[in-house]
Amino acid sequence: MKCRFFLLDINEDRSAAKPTVRLWGLNDRGERVLILATQILPYFYYMPDEKDDPDSVRERLLKPGTKFTKILRIEIEKKKKLLGLPCNVLRITCSDSEVLTAYARDILKDLGKGTTYEEDLRLSVRYVTDTELTLCGWQEFEVEPIQDDRFAVDSVFAAEALPAKSPEDTPPAMRILAFSLLTVGERGSAKPEMDPIRAIAVATGKGKVEILLNEGKDDSQLLTDFVAFTREFDPDIIVGFESNSLVWPYIIQRCKLRKIKLALGRDGSEPHTSMFGHVSVAGRADVDLFDITVGIAEIKVNNIENLARYLQTPSSGKAETIEESDRFILWKDESGRRKLAENAKANAQIMLELAEAAINFPMQLSALTGLPLDQVMTAAVGFRVDSYLIKQAHMLAELIPPRVEQPFFTYRGAIVLEPKTGLHDNVVALDFSSMYPSLMEKYNLSPDTLVRPAEKVSEDSVFIIPEVNHRFRKQPNGFYRTVLKELIEQRNRIKGEVTKLEEKSTRYRVLRERERAVKIITNACYGYAGWAGARWYAREVAESAAALGRDTITKTIAKADSLGLKVIYGDTDSIFVTDDHKKVEQLVKWAKQEVDLEIKREREYVRILFTEAMKRYAGLVPDGSLDIVGLEVVRGDWSDIAREVQEQVLTRILCEQSTEKAIEDVRTTIRKLKNGEVPIINLTIRKTLTKQIEDYKVRTPHVEVAKLLVKQGWDLGVGDKVAYVIVKGSGKLFQKARPASQVNPKDIDIEYYLDNQIKPAAMRILERFGVNETQLAV
DNA sequence: AACTGTGGCCAGTAGA
DNA sequence: TCTACTGGCCACAGTT
């Protein structure tokens, strides 16, 4: 029988007698389905030395009595390519996916030469590439129902054949469970070894939120209730916040302690940490909203409130994170406990809304890259590109290079122009559209087209890259050219389709996110090519793209000059010029004709201000808002008070062109600070721990405060933000830093905030207008 | 002991 | 994923 099937998760069935892939998802009747597929067997490639005859190598490996008892068959493939060149390889198929790496190693040792490929691809990856199926997408399967009550699904099927693509492309309705833990630690953060879970809030739909309470003497019953609730509701997607790093580890540890089986998987298994540090729940997609906030550059502090504000979901205003230290105080009495419970419920409800609003992008990224939904947001950019390229390479019959430790070389990057300082009226920022990918495609930059220095080729058969003198063959198309062409075309196709759709329709939203996913992968290819961990790493490719970029922008500046356009600033692929429409049009035309690249009018500025610094400016755009780049206002490591005062100054200068009003604003802020009217939260400075506390070579305020908090029982590590303020006293700054939550307002070092926060932030702008610091005195 | 200059550590941003 | 850039602050050396 036929089964139309939306694939949500894929993994290998390690308990099966023969290599089996489990495909979890929904059918077109909204039933939960598991398909067991045995069509794709594990295999790897062996490429013999040139002098060796593939047939005799084959004979030798298949001879009875060798240790390779799990080799099922060996085929000679003549169509495979390595770096674009055809080659003969042995495809060695095995009956057990566990033996691939060992066999590859042993064959190399036994034969003493040749190379192996693709033994590092897991069976589920093999299945995705070989069948070209789409994660978070629809396919059609020919299946036979089977009886197997190990799985909590509506039907289990055995696949009879490989899947076929289905035209349908909007996801089915899925059940989403959002959950939030309530934990309370007496000293510092709650510790799973000692602090039981007090409650778990679970949201399953609009207004459908409840709280599971811990009413026993420990949390055994609560954990059991949580398992029962989850199994009963049977979600397709489970959503948490910091669930991978904190919440799941906490629950898992509590269950271990209380000896409770956390059987949440659709196969009855427990959640476990898997690839890229994400937590995997068999048959369901575990999505951590934290990973989604990390992916949104506009969000400085990654919490639920900020994600809610950014996505503007219905209950976004109700989100609130209660600090751990406050939780302990609230927990002491009944009304506080009620407040905590309400907060956990509100958070779960909001997380559900956020998941519904934000899930399209991860789904589209999953479909594009072939990484399962629960891994795709946790995976670093490089691994997303890697996964995408593996799929593409397979389709092009290219052998997939292994990931190897490579020596690392830096190279010269982009050009940034010295800005013309001061105020400028009527300016336009011109950007090249996807400059690096376009250049990589145009000049066929790829590891397989790169001509090694010793190699002799005729000059007109290669592109010679300016400055760096690397050579790339014009033909045939390199791997990156093929892939980027397809990506760029795909993006244009989607863009064309989107314009025909109604903005509110589901398909519109899906396609918009698909376009975003394609854009992200396209832009990441340049950085990926220069990443030593990449399978398709070639420093020369990234270096050449950067050199061509410099060449392009330099020529563009010269052209703008010759047209009489005043170039005020430029960074990488953009130039800021005085907006003379006719001349700008000429420049755009020139770019199209002479360098075959598209220049877009990216932003217009009524007025724009540059200081001496590169990458820092502020402009007034026609709708009256400010576009602030690089300055303290947009930095997360300055206090609110400094950021706010700088924003006021910029508004006065750019909108009203009044230095006097700006000065008065600064004075007002200074007065407030001196009168003690500024709350601690506006004086708090936040910095991230980018390494283990003991690895720091210098003593800095945020590290010192982190050490203090650790001593108090807090659990702080890489990636945690430390919030501190500076208090009165003597000595170095790091000796005067205190945790923001533990400071009395009267201890604040007013002078520090004046001299090191407010004044520098304000003067950065005001000194351009001849203002002296003494004029700020009150 | 207090100050000054300088190199380097560090976090964060801009642009892809 | 990459490089370019800013600017605070520490650590240390040399000077007053």
Side-chain angles (χ1 to χ4, degrees), chain A residues 297-298 300-301 379-389 408-419 429 431-440 519-539 541-550 552-553 569-576 602 611-617 627-639 642-643 685-691 695-704 718-719 721-722 726 730-737 752 755-757 760-761 763-764:
Chain A
E298 288 87 343
K300 305 277 180 225
V301 178
V381 179
F383 291 101
R384 295 179 192 165
V385 178
D386 223 39
S387 181
Y388 176 75
L389 293 180
F408 168 76
F409 300 96
T410 54
Y411 59 89
R412 244 186 98 196
I415 294 179
V416 189
L417 299 186
E418 298 268 348
D431 269 32
F432 282 101
S433 337
S434 35
M435 186 171 80
Y436 286 154
S438 303
L439 291 170
M440 284 171 75
K519 180 185 170 181
I520 280 177
I521 296 296
T522 310
N523 281 341
C525 282
Y526 154 73
Y528 173 88
W531 172 45
R535 287 179 193 262
W536 284 272
Y537 168 66
R539 188 202 82 243
V541 169
E543 195 171 32
S544 299
L548 287 163
R550 292 193 296 270
T552 308
I553 204 76
Y569 176 67
D571 185 347
T572 312
D573 72 334
S574 71
I575 56 168
F576 290 59
E602 196 63 32
T611 64
E612 280 87 0
M614 300 167 177
K615 295 184 185 277
R616 294 191 160 198
Y617 57 87
D627 179 28
I628 302 172
V629 177
L631 292 161
E632 281 75 1
V633 176
V634 296
R635 292 182 64 93
D637 57 348
W638 283 72
S639 59
R643 298 211 307 261
I685 300 165
R686 291 184 179 78
K687 276 198 168 76
T688 313
L689 294 171
T690 58
K691 47 187 156 186
D695 292 342
Y696 280 91
K697 287 179 184 154
V698 288
R699 302 178 73 178
T700 65
H702 78 298
V703 178
E704 290 300 303
V718 179
K721 274 215 180 349
V722 182
I726 302 300
S730 59
K732 299 270 189 197
L733 197 61
F734 67 78
Q735 293 163 319
K736 307 200 296 170
Y752 172 82
D755 295 339
N756 299 59
Q757 293 280 321
M763 286 307 293
R764 190 102 54 224

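Chain letters run A, B, ... following the sequence lines, proteins first and then strands; every chain starts at 1. Computed from a prediction, not measured in an experiment: that's the story for all the values here.
Here G533(A) lies out of heavy-atom contact (under 4.0 Å) with every strand. Across all strands shown, A414(A) has heavy atoms under 4.0 Å from sugar-phosphate atoms exclusively, and none from any base. S574(A) comes within 4.0 angstrom of nothing in the nucleic acid, heavy atoms only. Here Y617(A) lies in heavy-atom contact (under 4.0 Å) with sugar-phosphate atoms only. Nucleic acid contact for V416(A): sugar-phosphate only, since backbone atoms but no base atoms lie under 4.0 Å from a heavy atom of the residue. Contact annotation for D695(A): no contact, since no heavy-atom pair falls under 4.0 Å across all strands. Among the protein residues, D637(A) comes within range of the sugar-phosphate backbone only, with heavy atoms under 4.0 Å from sugar or phosphate atoms but none that close to a base. Across all strands shown, R384(A) has no heavy atoms under 4.0 Å from either base or sugar-phosphate atoms. Residue contacts for V634(A): at a heavy-atom cut-off of 4.0 Å it reaches the sugar-phosphate backbone alone, with no base atom in range. Among the heavy atoms of the strands lying under 4.0 Å from A380(A) are primed sugar atoms or P, OP1, OP2 only; no base atom is included.
No donor-acceptor distance shorter than 3.5 angstrom exists from the side chain of S387(A) to the backbone of F383(A), with no hydrogens or angles considered. Proximity of a side-chain donor or acceptor of R635(A) to a complementary backbone N or O of G630(A) within less than 3.5 Å is not detected.
In this structure K615(A) satisfies the salt bridge (charged side-chain N to carboxylate O under 4.0 Å, His left out) test together with D571(A), sequence neighbours excluded. Residues forming a side-chain contact (heavy atoms from CB on, under 4.5 Å) with D573(A) (at least two apart in sequence, or on another chain): D431(A), F432(A), M435(A). Judged as a side-chain hydrogen bond (donor to acceptor under 3.5 Å, both in side chains), and not counting sequence neighbours, the contacts of K736(A) are D749(A). With sequence neighbours excluded, no residue forms a side-chain hydrogen bond (donor to acceptor under 3.5 Å, both in side chains) with Y617(A).
Rounded to a whole Å, the CD atom of E704(A) is 18 Å from the P atom of dC9(B). Between Y436(A) atom OH and dC2(C) atom P the separation is 14 Å, expressed in whole Å. Between the P atom of dA16(B) and the CE atom of M435(A) lies a distance of 8 Å, rounded to the nearest Å. Remark: P of dC9(B) and NZ of K691(A) are 9 Å apart, rounded to the nearest angstrom. Protein atom OH of Y528(A) is 10 Å distant from nucleotide atom C1' of dT1(C), rounded to whole Å. Atoms CG (D571(A)) and P (dC5(C)) sit 9 Å apart, rounded to a whole Å. Rounded to an integer number of Å, the gap from E612(A) CD to dA4(C) P is 22 Å. One atom, CZ of F383(A), and another, P of dC2(C), lie 11 Å apart when rounded to the nearest Å.
Phosphate proximity of dG12(B) to T688(A): present, with a side-chain N or O under 4.0 Å from OP1 or OP2. For dC10(B), neither phosphate oxygen OP1 nor OP2 lies less than 4.0 angstrom from any side-chain nitrogen or oxygen of H702(A).
The pair E543(A)-R412(A) does not meet the salt-bridge criterion, since no charged nitrogen lies less than 4.0 angstrom from a carboxylate oxygen. Between R699(A) and E704(A), at least one side-chain nitrogen of the basic residue sits less than 4.0 Å from a carboxylate oxygen of the acidic one, meeting the salt-bridge criterion.
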Donor-acceptor pairs are to be reported for all side-chain atoms of residues 527-534 of chain A against protein atoms at under 3.5 Å, with residues two or more places apart or in another chain.
from: Y528(A); atom 1: OH; to: D386(A); atom 2: OD1; distance (Å): 2.3
from: Y528(A); atom 1: OH; to: R535(A); atom 2: N; distance (Å): 3.2

Show me the protein contacts with nucleotides 7-13 of chain C, counting only N or O atoms at under 3.5 Å.
from: dG8(C); atom 1: OP1; to: R764(A); atom 2: NH2; distance (Å): 3.4
from: dC9(C); atom 1: OP1; to: Y752(A); atom 2: OH; distance (Å): 2.7
from: dC9(C); atom 1: OP2; to: N756(A); atom 2: ND2; distance (Å): 3.0
from: dC10(C); atom 1: OP1; to: L733(A); atom 2: N; distance (Å): 3.3
from: dC10(C); atom 1: OP1; to: F734(A); atom 2: N; distance (Å): 3.2
from: dA11(C); atom 1: OP1; to: R699(A); atom 2: N; distance (Å): 3.2

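Between G527(A) and M614(A), the residue whose closest nucleotide on DNA chain C is further toward the 5' end is G527(A).
The Y411(A) side chain lies nearest to dC2(C) when the options are dA4(C), dG15(B), dC2(C). In this structure, the nucleotide among dA16(B), dA4(C), dA14(B) sitting nearest to the side chain of P437(A) is dA16(B). The side chain of K615(A) has dA14(B) as its nearest neighbour among dT3(C), dG12(B), dA14(B).
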